[in-house]
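So the structure is just underneath, and the comments pick up after that.
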There are 2 protein chains.
Amino acid sequence: MSVLRKSTVALVAQRAGVSVASVSRVLNNLPASESIAAKVRKAAEELGYVPDAMARSLKVGRTEQIALAVADVGNPVYVTMMHAVSEVVREAGFRLVLSSTGNDPNDVVELLDNLERGYADGVILSPLRITDEIIARLTSTRLPVVVIGSLPQGVLLDNVRADSRTGVDIAVARLKATGRKHIAFVNGPVDTVPGSARLTGYLAAMESRGLPTTADMQVEASDFTYAAGLEAAQVLTAQATPDAILCANDLLAVAVMKVITSKGLRVPEDVAIVGMDNTDLADHANPSITSVDLGSAERAREAARLLLARIEDPSRPSETTVVSPWLAERESTAEGASRGKNVKARKPELEEGVS
Amino acid sequence: MSVLRKSTVALVAQRAGVSVASVSRVLNNLPASESIAAKVRKAAEELGYVPDAMARSLKVGRTEQIALAVADVGNPVYVTMMHAVSEVVREAGFRLVLSSTGNDPNDVVELLDNLERGYADGVILSPLRITDEIIARLTSTRLPVVVIGSLPQGVLLDNVRADSRTGVDIAVARLKATGRKHIAFVNGPVDTVPGSARLTGYLAAMESRGLPTTADMQVEASDFTYAAGLEAAQVLTAQATPDAILCANDLLAVAVMKVITSKGLRVPEDVAIVGMDNTDLADHANPSITSVDLGSAERAREAARLLLARIEDPSRPSETTVVSPWLAERESTAEGASRGKNVKARKPELEEGVS
DNA sequence: CTGTTAGCGCATTCAG
DNA sequence: CTGAATGCGCTAACAG
């Protein structure tokens, strides 16, 4: 079983009475006679032989590791992505090394520098902000890269993006259909990838339906966080009285709902709330929050697949995939509750059967 | 700056007109004449030389990677730990490789097998269930290991544990002090490390205060998840009418609160709720949930420090640290609200100043 | 089908 | 202080 000294192919070969090459072949399932294979396997078993990952990597030029760099580990959407990526790459025999980059674009550059050391066979990154410098580094590196998030036109990089525009449009359409007329927007920083995309989507969705987009109905949180959401919501409620609030992510939506209810307003009776990303946060909130599902898990899985494909074939043409959004409807946008009256929203999953 | 071909010490040596040994010395800050150092640095810069991580690892016998294995990435407490570990090890120049093990103890064994390949210099793990087999594997491996979570007496392994017992006691004490008399307990699976510790703590805390611990006031969720929490809460509310509910983690607490409010009961007026782990979940809930802080981040940081110390000196005696819990009080246990009356809980952080 | 040999890129003996 | 040579453990040519 287990042995004290760390064993090597040489030791196994010696014990089995064969050459190191044969040991390597048997252990890698290359053609070998059954008699030798048996001896090797026996010796390997007896010595508790385990191949050395680093030595193998140095030789074959592959580390069997892929790096994942996300912006904010505090945001559940990144946790979802991490999980999804983890599964796909593990399936393919790769390990996941986590490289959380903060909000600072310099962190990404630094990360890419580090990756040149070759400790990973590829990297998936989902930066909040994509600067020209990052693009330049990304396109010039020979390391396989997939970015999650929209890239400027013409950049030849594998990337998978959400369709925020359509996502926002679906949400606005639904809110309008259920009688909401004053739809406010609580965005995150507009100088980020998701922030700018979602603002564009909001404006387009509103204007195409002849809905007003006055300045007092739009606020920009300083960050995609709960704390920033609280502040933004205070600002919004001080300057406007929307009957629906669309939030750029679920964290913001939860914060907005907190402020709204603290003002004595009811959700969804007085104001409907919609989040984005459809994380557990939206489902666990009370009342639960309708959220635009931007396919985070699917994007992450697809990114992992693209990366594995590129590692397999570095010369393949770069690819861009777009995943389609849908609306996960929950209590925060329920109709049926008579507006302006104190009626509880339906909570279908909690109703008890008549026994 | 950047160059197409990957460069090596040999190429740098050639360009600098010195030996590879000198290159290695200069780059590792070993004694060398300033004239040679300058030439080497210049050549390295011009060639965009970056040392190869795998080759270095093979040579020096260290990978500069540490593995972290957590049970459930869906639970925010593990995200917190991941983040904390990440920071400490990065500081020390290590990378973090993530190895999420599921609920199955076999996954841990498999993980340990894999680690024998030597892709990490040590591992931190926080398993939900610790079987004898896991202990056996852990104590017999020569890989530095730190476990987060309580270990049986006499096991000589570095480990850092939470003091759940005291944590629960603080919570119960506070609930009693604020007039709660019927304190129910929603636990997770009792065959897990936290599940058993927290149950023990609950029983001890209640009995030491002469509070009743009838069977109908205790339910065991099938898992430490929101969905399991919903079910458990249904069971509890069907069989008992507590005026306070202590939950074994925040996810359960959020679920319990959902069910409670759906029954038309108010938190905290009719029933107080207390969670454990003090994750963002508790803070973001509405009303926000009082939670026992078991020092997740601190435990993780300490675990990382212990691991680094052991990697540094494998023969050092094993160490056990215990971190002290405290109670993060929030709205869900507020007093002052007149019990049984429809009065809103205080929300201090949301009150607007009089302007 | 099998064994011998040569490196992968680096740090580190040992001579000089 | 510097350079030539060795080998970490493994796989892949190449020869037999």
Side-chain angles (χ1 to χ4, degrees), chain A residues 3 5-41 43-44 47-65 93 114-121 142-143, chain B residues 3 5-41 43-44 47-65 93 114-121 142-143:
Chain A
V3 79
R5 271 283 299 150
K6 181 177 165 189
S7 50
T8 69
V9 275
L11 292 178
V12 175
Q14 182 183 342
R15 182 173 244 267
V18 300
S19 71
V20 291
S22 292
V23 173
S24 179
R25 283 192 200 99
V26 172
L27 268 30
N28 292 2
N29 296 318
L30 295 175
S33 71
E34 198 42 57
S35 70
I36 278 199
K39 282 191 289 189
V40 168
R41 272 188 254 277
L47 292 174
Y49 171 76
V50 174
D52 184 276
M54 294 301 134
R56 182 176 214 289
S57 291
L58 178 59
K59 182 60 191 174
V60 304
R62 287 187 312 124
T63 62
E64 320 236 277
Q65 299 192 147
N114 267 297
L115 281 166
E116 299 286 326
R117 298 178 119 84
Y119 63 80
D121 298 332
R142 63 180 158 288
L143 188 78
Chain B
V3 82
R5 270 284 298 151
K6 182 178 165 190
S7 51
T8 69
V9 273
L11 292 178
V12 174
Q14 182 183 341
R15 181 174 247 266
V18 300
S19 72
V20 292
S22 293
V23 173
S24 179
R25 283 192 201 97
V26 172
L27 269 30
N28 291 6
N29 295 318
L30 295 175
S33 70
E34 199 42 57
S35 71
I36 276 199
K39 281 192 289 187
V40 168
R41 272 189 252 279
L47 292 174
Y49 171 77
V50 174
D52 183 276
M54 294 301 134
R56 184 181 162 76
S57 291
L58 178 59
K59 183 62 190 173
V60 304
R62 286 188 312 123
T63 62
E64 320 236 278
Q65 300 193 147
N114 267 296
L115 281 166
E116 298 285 325
R117 300 178 117 83
Y119 64 79
D121 299 331
R142 63 182 157 288
L143 188 77

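Every chain is numbered from 1 and lettered A, B, ... according to where its sequence line falls, protein lines coming before strand lines. Since the model is a prediction, treat every value here as computed from it, not as a measurement.
Whole-Å rounding puts the B:Leu30 CG to D:dC1 C1' distance at 12 Å. The distance between atom CG of B:Asn28 and atom C1' of D:dT2, rounded to the nearest whole Å, is 16 Å. As a whole-Å value, the separation of A:Arg117 CZ from C:dC8 P is 20 Å. Per the geometry, CD belonging to A:Glu34 stands 10 Å off P belonging to C:dT2, to the nearest Å. Going from atom CG of B:Leu27 over to atom P of C:dA11 covers 8 Å, rounded to whole Å. Atom CG of B:Asp52 and atom P of C:dG7 are 18 Å apart (whole Å). Following rounding to the nearest Å, A:Leu11 (CG) and D:dC10 (P) show an atom-to-atom distance of 9 Å.
By the side-chain hydrogen bond (donor to acceptor under 3.5 Å, both in side chains) test, A:Ser24 is found to be paired with no residue, residues two or more places apart in sequence or in another chain being considered. Among residues two or more places apart in sequence or in another chain, the side-chain hydrogen bond (donor to acceptor under 3.5 Å, both in side chains) test is passed with B:Thr63 by B:Asp121. Scored by the salt bridge (charged side-chain N to carboxylate O under 4.0 Å, His left out) test, B:Arg15 finds B:Glu46 as partners (sequence neighbours excluded). Under the rule for a salt bridge (charged side-chain N to carboxylate O under 4.0 Å, His left out), the partners of A:Arg62 that lie at least two apart in sequence or sit in another chain are A:Glu64.
Within the structure, every side-chain polar atom (N or O) of B:Ser24 is placed at least 4.0 Å from both OP1 and OP2 of C:dC10. Distances shorter than 4.0 Å separate none of the side-chain N or O atoms of B:Ser19 from OP1 or OP2 on D:dT2. Contact annotation: B:Tyr49 reaches the phosphate of C:dC10 (side-chain N/O to OP1 or OP2, under 4.0 Å).
Using a distance-only test at 3.5 Å, with no hydrogens or angles considered, a donor-acceptor pair links the side chain of B:Ser57 to the main chain of B:Ala53. Without hydrogens or angle criteria, A:Asn28 side chain to A:Leu30 main chain gives no donor-acceptor distance under 3.5 Å. Listed for the B:Gln65 side chain is a donor-acceptor partner under 3.5 Å among the backbone atoms of B:Tyr119.
Applying the 3.5 Å distance criterion, the base of D:dG3 shares a donor-acceptor pair with the side chain of B:Arg25.
Remark: A:Leu58, A:Lys59 in residues 54-62 of chain A come within less than 4.0 Å of DNA chain C through at least one heavy atom.
At a threshold of 4.0 angstrom between heavy atoms, the contacts of A:Ala32 are confined to the sugar-phosphate backbone, with no base atom among them.
Inter-axis angle, ends of the helix from C:dC1-D:dG16 to C:dG16-D:dC1, five pairs per end, rounded to 10 degrees: 40°.
Judged by closest nucleotide on DNA chain D, B:Ile36 is the one of B:Ile36 and B:Val20 placed further toward the 5' end.
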